[in-house]
Amino acid sequence: MIATALDHLTPPPSSKLLGWHLLDARPEKGWVRIGFDGRKDFCNPAGFVQGGILSAMLDDTMGPAVFAMTDGKLYTATITMTVNFLTPAKPGKIVGEATVMQLGKTIAFVEGRLMSEDGTVLATATTSARLVETAKLNR
């Protein structure tokens, strides 16, 4: 794996809760792979990881794709996110992948997906996100 701006980012508490950890990144392509822990604590009464948790994992995959692509210069603030749940997610390791489809001056369009350990696609998502300069937030 190559070095990225994500290597120096301290994950926020919400990411830590999800077990967020960087697995791979290709910043020049706007692509990242993120690992998550689908804990039993996240399950609904049927025993599957709750959809809102999966949505948070997708959000926490697509935003970092932009952050890595811009070498840490831009955060994202989600405007819209559409999630499609394809297969119930059992507790265990979950892998997210995201690709920046278009990076504009103020908005990014990103696609993401979550997979189980065996590669089964659990959910897909698209997002439009406002771009926020990190320098303005760190003043």
Side-chain angles (χ1 to χ4, degrees):
M1 182 170 65
I2 61 174
T4 72
L6 293 167
D7 298 334
H8 308 291
L9 182 67
T10 302
S14 60
S15 297
K16 289 179 184 178
L17 177 68
L18 298 173
W20 188 101
H21 54 282
L22 179 64
L23 297 173
D24 199 0
R26 299 288 180 265
E28 72 284 356
K29 294 183 179 182
W31 176 87
V32 296
R33 180 180 288 139
I34 308 291
F36 297 98
D37 299 326
R39 300 179 3 207
K40 289 182 182 179
D41 296 346
F42 297 158
C43 289
N44 61 24
F48 299 115
V49 178
Q50 197 266 346
I53 299 290
L54 296 173
S55 296
M57 290 177 180
L58 283 160
D59 198 38
D60 242 6
T61 302
M62 294 185 289
V66 171
F67 189 81
M69 185 180 203
T70 63
D71 197 30
K73 292 179 179 77
L74 297 172
Y75 287 121
T76 56
T78 303
I79 298 169
T80 64
M81 183 168 76
T82 301
V83 180
N84 299 294
F85 301 101
L86 306 177
T87 303
K90 296 176 184 172
K93 295 186 185 304
I94 296 175
V95 175
E97 290 184 355
T99 303
V100 177
M101 303 309 292
Q102 184 175 356
L103 184 67
K105 291 181 181 179
T106 60
I107 305 288
F109 297 92
V110 188
E111 293 181 352
R113 65 184 181 154
L114 294 178
M115 295 158 290
S116 63
E117 255 188 306
D118 69 4
T120 301
V121 178
L122 305 170
T124 61
T126 57
T127 190
S128 55
R130 181 162 312 285
L131 300 173
V132 180
E133 292 180 38
T134 56
K136 289 183 178 180
L137 295 176
N138 296 326
R139 289 184 186 174

- Residue Arg39 excluded, over 12 heavy atoms near CZ under 6.0 Å: yes
- Non-hydrogen side-chain atoms of Trp20 and Pro64 separated by less than 4.5 Å: yes
- Query: Do the non-hydrogen side-chain atoms of Leu23 and Val95 ever get within less than 4.5 Å of each other?
  - Reply: yes
- Query: Side-chain contact, heavy-atom cut-off 4.5 Å: Val32 with Thr61?
  - Reply: yes
- Does anything in residues 110-127 pair up under salt bridge (charged side-chain N to carboxylate O under 4.0 Å, His left out), and if so which pairs, sequence neighbours excluded? Glu97-Arg113
- Is a side-chain N or O of Thr120 found less than 3.5 angstrom from the main chain of Ser116, in a donor-acceptor match? no
- Query: Does the side chain of Thr106 reach to within under 4.5 Å of the side chain of Leu131, using non-hydrogen atoms?
  - Reply: no
- Query: Do the side chain of Thr134 and the main chain of Lys73 share a donor and acceptor less than 3.5 angstrom apart?
  - Reply: yes
- Atom of Ile53, atom of Phe42 and distance for their closest heavy-atom approach: CG2-CD1, 3.7 Å
- Query: Leu54 versus Phe85: any side-chain heavy-atom pair under 4.5 Å?
  - Reply: yes
- Is the backbone N or O of Pro11 less than 3.5 Å from a side-chain atom of Ser15, with the two atoms forming a donor-acceptor pair by type? no
- Note on the structure: What one should report as the nearest heavy-atom pair of Val83 and Ser55 is CG2-OG, 3.8 Å
- Could you tell me which non-hydrogen atom of Gly72 sits nearest to which non-hydrogen atom of Ala5, and how far apart they are? N-CB, 3.3 Å
- Below 4.5 Å, heavy atoms only, C-beta onward: do Met57 and Phe36 meet side chain to side chain? yes
- Message: What I'd like to find out is whether the side chain of Leu103 reaches to under 4.5 Å of the side chain of Val110, using heavy atoms alone.
- Response: no
- Output the distance between atom CZ (Arg33) and atom OG1 (Thr99), rounded to the nearest 0.5 Å. 10.0 Å
- Query: Going hydrophobic residue to hydrophobic residue with side-chain gaps under 4.5 angstrom, can you get from Val66 over to Leu22?
  - Reply: yes
- Task: For the pair Asp59 (side chain) and Met62 (backbone), establish whether a donor and an acceptor sit closer than 3.5 Å, ignoring hydrogens and angles.
- Result: no
- Query: Do Thr4 side-chain atoms and Leu6 backbone N/O form a donor-acceptor pair below 3.5 Å?
  - Reply: yes
- Task: Work out which heavy atom in Cys43 is nearest to a heavy atom in Pro91; give both atom names and the distance.
- Result: SG-CG, 3.4 Å
- Query: So among Thr78, Thr80, Thr82, which one has a side-chain hydrogen bond (donor to acceptor under 3.5 Å, both in side chains) with Ser128?
  - Reply: Thr80
- Heavy-atom check, side chain of Phe48 versus side chain of Lys90, under 4.5 Å: yes
